Asks: 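Would you mind keeping the following structure in view while I ask a few things?
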Amino acid sequence: MNSKDSVFAVDADKCIGCGACQIACKDKNNLELGVNYRRVFTTETYDKQKLKVWHYTDSCYHCRDAACVKVCKFHAMYNTENGVVAFDEEKCVGCRACIAACPYHIPVYRQAVKKAGKCDACIDLLAMGRNPVCVDACPVHCLTFHLRDDNHNENRI
Amino acid sequence: MKIEKTLTVYQEIADFFAQKPSDNQNMIMGTSFCKMDGKQFSLEYDSLLRGTDADIYIPLWASSCMGRGKILLDRTTVSVIQFYYKSGYRPCKMEGNPPDYIGEMFRYLAYLKAVEIYYNKNGLDHKDRDNQRNLFVEKYLLPTMKEISEAVVNAGKGTFTEFRLFMTCLKEFIMQKQAWEIWIAWEEYLKTGTGKERTERALNIWKDVIENGPGKSKELRPAETINTAGINNCGGKCVIRPKVQEGCMLSIATDDSRNNPQLRACVRGRGYRKTFLSSERLKYPMKRIGERGSGKFERISWEEAVRIIASEWRRITETYGPSSRYVMYSTGVTGVLRPANLIKRLLKLDGGFLDHYNSYSSACASYITPYIYGTAESGNSPSDILNTKLLILWGHNPAETIFGSELNYYISLLKEKDVKIIVIDPRFNESAVTYADQWIPIRPSTDAALADAMAYVIWSENLLDKKFMDRFCIGFDEEHMPDGIPYGESYFTYLSGEKDGIVKNPEWAGGITGVPAETIIKLAGDYASMKPACLLAGLGLQRTRNGEQTVRCLAALACMTGNVGIPGGSAAGAGWVNEHPFPGFRNELENPYQGKIPVFLWSKAIEHGTEMTSSEDGIKGVEKLSGNIKLIFNLAGNTLVNQHSDINDTIRILKDTKKCEFIVCSDIFMTPSAKFADIVLPAASVFENNNIVTPWKGANYILRNNKVIEPVFGCRFEWEWIKELSKELGMFEEFIDKKPDMELWLKEIYERYREKEKELPDYEEFCRQGGYQFKNNTVKIAFEKEIREPEQYQFQTPSGKIEIFSKLIYEMHNKELPAVPAYVPCEEGPDDLLRMKYPLQLIGWHTRRRCHSIHDNNEWMEELEMPALWIHTDDAEKRGISRGDTVKIFNDRGCIRIPVFVTHRIMKGVVAMSQGGWYTPDIKGTDIRGSINVLTTTRHPSPLAKGNPQHTNLVEVALA
């Protein structure tokens, strides 16, 4: 278990569902068509004459006790010190165990490289003291990334 | 000798891809290319390898064959370059192709063979190099060849099958499997005299490598981040920071500075790499060979293209005069140096051209607002929104249509402050979803009726800011009318129904707009009681058949509540702001021809130009046009077909080469418009040229486009060929005005700007930073002076006051344009009898995934949002339509077939589809991409501005 823990937070009251985070992620991670590590969804309900619509941006939850990490025999999924569930493409053999194990259906299979893939919270950017690319893409600043025991350090945003 | 022969084969293949062989009889492999005559071969070659056929796309670059879709110069390209550098190979860029072009990869294999010969000669071990080669072949070359073969099959022409065979043989050859037929053919071939000569020639090419060994291996240059900016016709020009390595683009970042607010790119900006470096780019100059619109072209040189344009220019000018020449409204490059303005400059030097006024965006708003306030600059700075107590987004959807890169951020702050936000729109749009405390759906083209009813409530319930009205306005009541106007013409008399017997109360408006009377009363009450209140109108509500009146009504409301000229308020109207007015060219030339047409009526001016009049068609500057339009320049624009209205009718006009005789298009893609050109020129994208850009609404920044990579293929920024054209026409010196290089123009314009704006950095620093955000954030409040110091400053109207009643309009005696802000029902509005046949109102909106028609071919955006028709659940049910169905949407003008989105997010009786989809007809002429202008009309422009009524349409929907 990690001493530190990381989490994305979405202020769903502010999200305009524009998709900037989704495309920024796709661009940064050089992903194939049909493969996205972050997706924007819009949900609509209509109940008792009341219409409700909300946007939501979804990506890896970087679980404390991640099923993908536990199931991966090749240690391709691993926990970093600051609580990110990262992914080592070199080690992945494309067995898809993580895809089956994740309760949130986060890892995706990349046909082109025959490996799995998922959000690593841009650990390269974190190492430089910067935010994940999706966080800095949001036009309304509704997406944040916190190191949980950082007391939501506002300087990160 | 086997290695030498293999080298020869690779080199010949590389040569084949590098340049069209002049002698196809000697072509390698027994393909049917050999059987073609020279001309036919040339056309086939270019359609396969040089993109001259709009219907054929072959991915010839490794980057576009890796499952990432149609993309050039990405990380795959960098990896390929890395292989090259490691083995000491330097790519040669075959006809401007990126380094991972199939031909270049074969040339690399030839090079490796030459190295192998050297190694063998010197008894060196080349196992490592063999492994490298095999890895390269497996990772990049073979997947590319596979994709090419598949694309060729899809292109589906007989000769192409031969080309596919050719690729299959090549594959066998590379894999060194026993592809006997090829080997035998090649053995035979290489044994012959010419074969021997060819081997010698190939060996000679690589002589240096064979004798002295491979070149020095080289490391990749490190990646660097360059500051540049968005360039499209978007309300928010934003910061784009591409990461570039070896001329390839790895990713895009945006503003992460300490700027407040940051100028963050939206979703479109984040997808720039995929849009602008698409492998579908136009590649070389072409001339039309099929009938207009067929998309069949022949490659020509830049010199020939310029010669043809010059000769048609002369012929048409001599035959029909300068007024037959027209430059399309175009906004693909919305920088200081706009391609359209450059060609206009040249036309002005040679007798002039038929110009236009208005825009497709804001025709009614920009035209009518000066009648009310004396100027169209009636907006407050975006940041002023933070001062408001109530925000009404009326037909305004900033969450999708970016109006200033910072606006969404400001509205989100407003939401944090719990300021009430109301959205009025037929759709429960993305802004309504996130920002709105209340959504008021309304029937399209009836906004004026809602505003009139609100005005009625405000007036009749004494919520009126009487002091403001008395002091600053005329025409609202009978006591404040201009001289010589009979009794009964004031706005309040209209509202009371004294003259026409119809009281403009909420019940009246309810029947027209579909907004319940209680809602109207509450809305009017809120607006009149919460001060300052900001009525922020979008441009959608004025792109209607009666757009002028809507704009006037909203301005009247702003006046009646005294929200004009105060912080946190809004004067409504066109709403333009200009905090830091940016200069244009110095000594801009006058157009010697005075005639102007409204921008929307150009297609009429092709057919009936001479019959057009000033009263009916808004011709300005001349009594009558002396002729029809015969020559069109459409540079960086898509209004020729896609973004104009009634596509089928427009195509009918354009197809006839006797009507408009010559059309030149310059663009980066084979757009629906470019297909109708006689000459198509490949332009440089935002990454391949320098420019300076400013956002729509002034705002506190100015940005710089920096050239990030060299133009790909044979692309050129318009300046380059227009300069050549000026030479050909003998006007070079006058045209360049001692500034032969574009940079000199930009620098001159910038330095002039800097004289006014002292805090700007010098030009070099400005370019390096990619723009500048002013430190002294000017917050402009429209008409602040006029309200605060009325003795000194008057409104620039005939009366010097805000004109609720306009004498100018009164004297026009146009029954579609009353002198007061009255609602006028219109053709194809909700009251039209045509609803018996076509019961649904159709509107288009500006979706987040496109900027007008730009980015439609961006495959990333396809994952975000697919084309779909929005229809209310009840309307769908009535027609037996359910989720996931494909429907046809039709009226007398055309038919579209797309999937349906059944939702409660749209008003009953209204359907919507986002504007900007590229017109893609199937075999029967039904559009399958959701190009809304198939269904919009050119017949009924708005009464005064002659604006485009693109949201006033009636249609019917049925299961496809």
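All values reported here derive from a predicted model rather than from experimental measurement. Throughout, a chain's letter reflects where its sequence line sits, starting with A, and its residues are numbered from 1.
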Asks: Under 4.0 Å between a Lys/Arg side-chain N and an Asp/Glu carboxylate O for B:Glu863 and A:Lys26?
Replies: yes
Asks: Under a 4.5 Å heavy-atom cut-off, does chain A meet the side chain of B:Leu250, its backbone, both or neither?
Replies: backbone
Asks: For side-chain contact (heavy atoms from CB on, under 4.5 Å), just list the numbers for A:Val140 and B:Tyr435, CA-CA rounded to whole Å, side-chain angles, deciding distance to a tenth of an Å, and then say yes or no.
Replies: CA-CA 11 Å; A:Val140 291; B:Tyr435 302 139; 3.7 Å; yes
Asks: Would you say NZ of B:Lys139 has more than 12 non-hydrogen atoms from neighbouring residues, nucleotides or ligands within 6.0 angstrom?
Replies: no
Asks: For chain B, which candidate among A:Cys21, A:Gly19, A:Ala112 shows the most heavy-atom pairs at distances under 4.5 Å?
Replies: A:Gly19
Asks: As a quick check of understanding, evaluate salt bridge (charged side-chain N to carboxylate O under 4.0 Å, His left out) for A:Asp27 and B:Arg273, giving each step before the final call.
Replies: CA-CA 8 Å; A:Asp27 175 68; B:Arg273 195 162 68 88; 2.5 Å; yes
Asks: Can you tell me if B:Lys908 has over 12 outside heavy atoms packed within less than 6.0 Å of its NZ?
Replies: no
Asks: Between B:Ala399 and chain A, which part of the residue has a heavy atom less than 4.5 Å away: side chain, backbone, both or neither?
Replies: both
Asks: Quick check: are there more than 12 heavy atoms from other residues, nucleotides or ligands sitting under 6.0 Å from OH of A:Tyr104?
Replies: no
Asks: With rounding to the nearest 0.5 Å, note down the distance linking CZ in B:Arg270 to NZ in A:Lys28.
Replies: 11.0 Å
Asks: Out of B:Val267, B:Ile402, B:Thr903, return the one with the most heavy atom pairs under 4.5 angstrom to chain A.
Replies: B:Val267
Asks: Has the side chain of B:Arg268 got a donor or acceptor atom that lies under 3.5 Å from a matching backbone atom of A:Ala20?
Replies: no
Asks: Is B:Tyr272 close to chain A through its backbone or its side chain, or both, or neither, when contacts mean heavy atoms under 4.5 Å?
Replies: neither
Asks: Against chain A, label B:Arg849 side chain, backbone, both or neither, depending on which of its atoms sit under 4.5 Å from a heavy atom there.
Replies: neither
Asks: Among A:Asn36, A:Asn29, A:Asp11, A:Val35, who wins on heavy-atom pairs under 4.5 Å with chain B?
Replies: A:Asn36
Asks: For chain A, which candidate among B:Thr76, B:Asp256, B:Ile252 shows the most heavy-atom pairs at distances under 4.5 Å?
Replies: B:Ile252
Asks: If I take atom SG from residue A:Cys18 and atom CD from residue B:Glu865, how far apart are they, to the nearest 0.5 angstrom?
Replies: 11.5 Å
Asks: With a 4.5 angstrom heavy-atom cut-off, is it the side chain or the backbone of B:Asp74 that approaches chain A, or both, or neither?
Replies: side chain
Asks: Using only atom types and a distance under 3.5 Å, with no angle test, would you say the side chain of B:Thr434 pairs donor to acceptor with the backbone of A:Cys15?
Replies: yes
Asks: What part of B:Thr873 gets within 4.5 angstrom of chain A, counting heavy atoms only: side chain, backbone, both, or neither?
Replies: neither
Asks: Residues of residues 42-55 of chain A under 4.5 Å from chain B (heavy atom pairs)?
Replies: A:Thr42, A:Glu44, A:Tyr46, A:Leu51, A:Val53, A:Trp54, A:His55
Asks: Just how far is it from atom CG of A:Leu31 to atom CH2 of B:Trp860, taken to the nearest 0.5 Å?
Replies: 8.5 Å
Asks: Show your reasoning for whether side-chain contact (heavy atoms from CB on, under 4.5 Å) applies to B:Thr254 and A:Asp136.
Replies: CA-CA 8 Å; B:Thr254 187; A:Asp136 279 352; 6.0 Å; no
Asks: Report which part of B:Glu416 has an atom under 4.5 Å of a heavy atom belonging to chain A: side chain, backbone, both, or neither.
Replies: side chain
Asks: Pick whichever of A:Cys138, A:Cys142, A:Ala12 has the most heavy-atom pairs under 4.5 Å with chain B.
Replies: A:Cys138
Asks: Measure the CG-NZ distance between B:Leu413 and A:Lys14 for me, rounded to the nearest 0.5 Å.
Replies: 6.0 Å
Asks: Select one option (side chain, backbone, both, neither) describing which atoms of B:Lys274 are under 4.5 Å from chain A's heavy atoms.
Replies: side chain
Asks: Closer than 3.5 angstrom, by distance alone: can the side chain of B:Arg68 be matched with the main-chain N or O of A:Asn30 as a donor-acceptor pair?
Replies: yes
